[in-house]
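Values in this document were obtained by computation on a predicted structure and should not be read as measured data. Chain A is the first sequence line, chain B the second, and so forth, proteins listed ahead of strands; every chain is numbered from 1.
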Protein chains: 2
Amino acid sequence: MLDATSSYDPMAPRIPVADRTGHRTVPETTRRTDRIPGTRYGNRPTMKDVAARAGVGLKTVSRVVNGEPGVTPETERRVQEAIEALGFRRNDSARVLRKGRTASIGLVLEDLADPFYGPLSRAVEEVARAHGALLINGSSAEDADREQELVLALCARRVDGLVVIPAGDDHRYLAPEIKAGVATVFVDRPAGHIDVDVVVSDNFGGARDGVRHLIAHGHRRIGFIGDMPRIHTAAERLRGYRTAMEDAGITVADSWMSLGVTDPERVRRAAEEMLSGPDPVTAIFTGNNRVTVTVIRVLAGHARRVALVGFDDIELADLLQPGVTVVAQDAAALGRTAAERLFRQLDGTLLAPERIELPTRLITRGSGELPPAD
Amino acid sequence: MLDATSSYDPMAPRIPVADRTGHRTVPETTRRTDRIPGTRYGNRPTMKDVAARAGVGLKTVSRVVNGEPGVTPETERRVQEAIEALGFRRNDSARVLRKGRTASIGLVLEDLADPFYGPLSRAVEEVARAHGALLINGSSAEDADREQELVLALCARRVDGLVVIPAGDDHRYLAPEIKAGVATVFVDRPAGHIDVDVVVSDNFGGARDGVRHLIAHGHRRIGFIGDMPRIHTAAERLRGYRTAMEDAGITVADSWMSLGVTDPERVRRAAEEMLSGPDPVTAIFTGNNRVTVTVIRVLAGHARRVALVGFDDIELADLLQPGVTVVAQDAAALGRTAAERLFRQLDGTLLAPERIELPTRLITRGSGELPPAD
DNA sequence: TAGAGCCTGGACAACGTTGTCAGGCTCGGG
DNA sequence: CCCGAGCCTGACAACGTTGTCCAGGCTCTA
């Protein structure tokens, strides 16, 4: 189409060629002067084109397109026909500019490919759909800078609201946006230094209960492998672990805890060390789904039977030998709750920011009920 | 927070109250006349506001915001300061309107919560990000009408391109959009009645090889459980199954094949019937990840050992007893390939639409190598 | 010191849509 | 036959940004 040889780089500041090469700037004007009646070269027909073709006024087309009353059936028919003929579709960008609302919300999460976030994202989408809004999402890859970049890009698009699973821990950069009217809800992890709605799972209680479960089955040397401690959920789950251990009067050895990135390599090493050290653990509590999966693999290669409770449910957990006992959180409920709250903010029916905590559920399947094997 | 009590329904045609109630329309004019110097009530500051505060012209602010050359450091500093002070953020809607490109692409898929689509979506997002574009996605829920609705909504937003995993089989409705310049790539399944780029897995070959594998291990009575036959991938995989059977000189009994929705209930019933009928199968080939998971559950409750090969890899498949043999497709590669092709369309470096087929890979883990147990 | 040329800054129109408002038409009653 | 009421319709401005173009001030050279 028009200008088809230029490379795609829509957001780049358009620096005139002259400034880079010293040569004269080529006049790359998109010639829009010479039109074919009823349409334009390489461009989409607009309401103006439709109006011209139907022989009516611009506003009449607008009325038809938006189903507003006050148009004769005959006129409407003519307009509809012109719309069909030209393949007109309303430009929502222009509409947004005029109306102020974009009917879209943004979702920033860590990684769409993570099985925990898929259902969460879908739940948010469903709620958005019910309110006539589209969902724009972005993955922060657990990087605070990228999170901020994404969030601000979404604000520049003027999304009506934001659902954020934060990677960073300082969100003061969002304050002006919120003040300007962008509805905002944080999910899964709380926001840093700003006062917004937050929807989280009971990470502390869930982890504590999971570890208690292991203790109740006779374990005392219990390991904890989790995500980086700067991630709130990881810290909370660790706290739950510590509390359960403390409540049981167990002194936790440093070698029983391992926090860090959750790539299989590190987790594998951490698990091996816990299992083979001078004070080997008889059970492991894993801090999230990725860790759990890796630890299951490690344990599968071990002779000694080691008990396991994992945070987050995982598919097929019931079919392994033994079944994997987990502390499950409801990802879809997190997403749904957050999105509903978001739209209540947009409705104006919501008052002060609140923190909502959803319960977790211990699902026993066998791995958490193994007795200690010393 | 202007107009904060109105309910959120941004896309609804604004029908004057009088037309529904017979009462007079309340003049809901958003009074924008009385301003505070430097900002507006309940609205975001614009470049105009920034310009006023910095004491420069509108275009100068634009230049600073976009990093264009030709602004003195001193002027730039003043502008930057005003931007900070007012919390200005460029309105990309207006920018889009002016520039014609939105720097966003749309992805329509079946269900974001499906573990197959998460990685695909993420891969598309990464490519988009590398090109400075955001990703808007929507789930069609395997409903052709909803697919069309979503696609057209995305077109109305003027996304620069579309990656579509189609639910329907007639996409003529997209023709005007494509002609108008919307780059389009179909993934996972081909498009109906339009000529566009398509990126698919070798569903036929993969299924055929999977079934051959079972045949090679001595099976002759092999069942096939798949998705609805109107879904292209399902049909292709069935064709692969039929071909493999035919090539081996095996006559397929009707009772060995079951196609339909992939909810656990139906799949479970289908599996049970195949296993208990007058001519029970000794092996099952499953048509996608959801089916495979359900069938694994069914087989786990059966005494007789039944061989299984599934289409799509599934997490933890290696840890089950026996490990699950699968025909794996690379979801991320599908997404990446499609997105890259999309941006090559936008670059203008792409010519005729093409069909790209990515290979599948048979991963043997045990379940497919079980001998027939009659 | 004057003239040429460059650099910076700003006025203005345009992008496509929607809200406002006024004009023209028809119809019924006086 | 005239007038007011009510319904359709269309002209116009505005939304916030960017591209074009011009003016004024500066530097540099002859």
Task: Pairwise side-chain contact, Arg157(B) with Arg95(A), heavy-atom cut-off 4.5 Å (strictly under) - done: no

Under the side-chain contact (heavy atoms from CB on, under 4.5 Å) test, residues paired with [X] that sit two or more places apart:
X: Ile83(B); value: Val50(B), Val65(B), Val79(B), Gln80(B), Phe88(B)
X: Val96(A); value: Thr102(A), Ser93(B)
X: Leu154(A); value: Val108(A), Ile136(A), Val159(A), Leu162(A), Leu134(B)
X: Glu84(B); value: none

Check whether any side-chain nitrogen or oxygen of [X] sits under 4.0 Å from OP1 or OP2 of [N], and answer yes or no.
X: Arg98(B); N: dG16(C); answer: no
X: Ser62(A); N: dT17(C); answer: no
X: Arg95(A); N: dT18(C); answer: yes
X: Lys48(A); N: dT17(C); answer: no

Task: Closest non-hydrogen atom pair, Arg158(B) against Arg90(A) - done: NH1-O, 3.5 Å

Whole-Å gap separating [atom2] ([N]) and [atom1] ([X]):
X: Asp92(B); N: dG16(D); atom1: CG; atom2: P; result: 14 Å
X: Asp49(B); N: dG16(D); atom1: CG; atom2: P; result: 8 Å
X: Asn91(B); N: dG16(C); atom1: CG; atom2: P; result: 17 Å
X: Ile83(A); N: dG16(C); atom1: CD1; atom2: C1'; result: 14 Å
X: Leu97(A); N: dA14(D); atom1: CG; atom2: P; result: 14 Å
X: Glu68(A); N: dT20(C); atom1: CD; atom2: C1'; result: 12 Å
X: Arg90(A); N: dT17(C); atom1: CZ; atom2: P; result: 9 Å
X: Met47(B); N: dA11(C); atom1: CE; atom2: C1'; result: 16 Å

Open item on the list: Once ring pair (Phe, Tyr, Trp, His ring centres under 6.0 Å) is applied, do any residues pair with Phe343(B), and if so which ones, sequence neighbours excluded?
Closed with: Tyr8(A), His131(B)

Open item on the list: Please report the end-to-end axis angle for the helix from dT1(C)-dA30(D) to dG30(C)-dC1(D), five pairs per end, rounded to 10 degrees.
Closed with: 50°

Task: Under 4.0 Å protein heavy-atom contacts per nucleotide of nucleotides 4-10 of chain C, with B for base, S for backbone only and - for none - done: ----SBB

Open item on the list: What's the closest nucleotide to the side chain of Phe88(B) if the choices are dG19(D), dT17(D), dC15(C)?
Closed with: dT17(D)

Task: Closest to the Asn66(A) side chain, choosing from dC15(D), dT18(D), dT18(C) - done: dT18(C)

Task: Counterpart residues, side-chain hydrogen bond (donor to acceptor under 3.5 Å, both in side chains), relative to Glu147(B) (two or more places apart) - done: His171(B), Tyr173(B)

- [ ] Could you pull out all residues at least two apart from Glu126(A) that satisfy side-chain hydrogen bond (donor to acceptor under 3.5 Å, both in side chains)?
- [x] Arg122(A), Arg146(B)

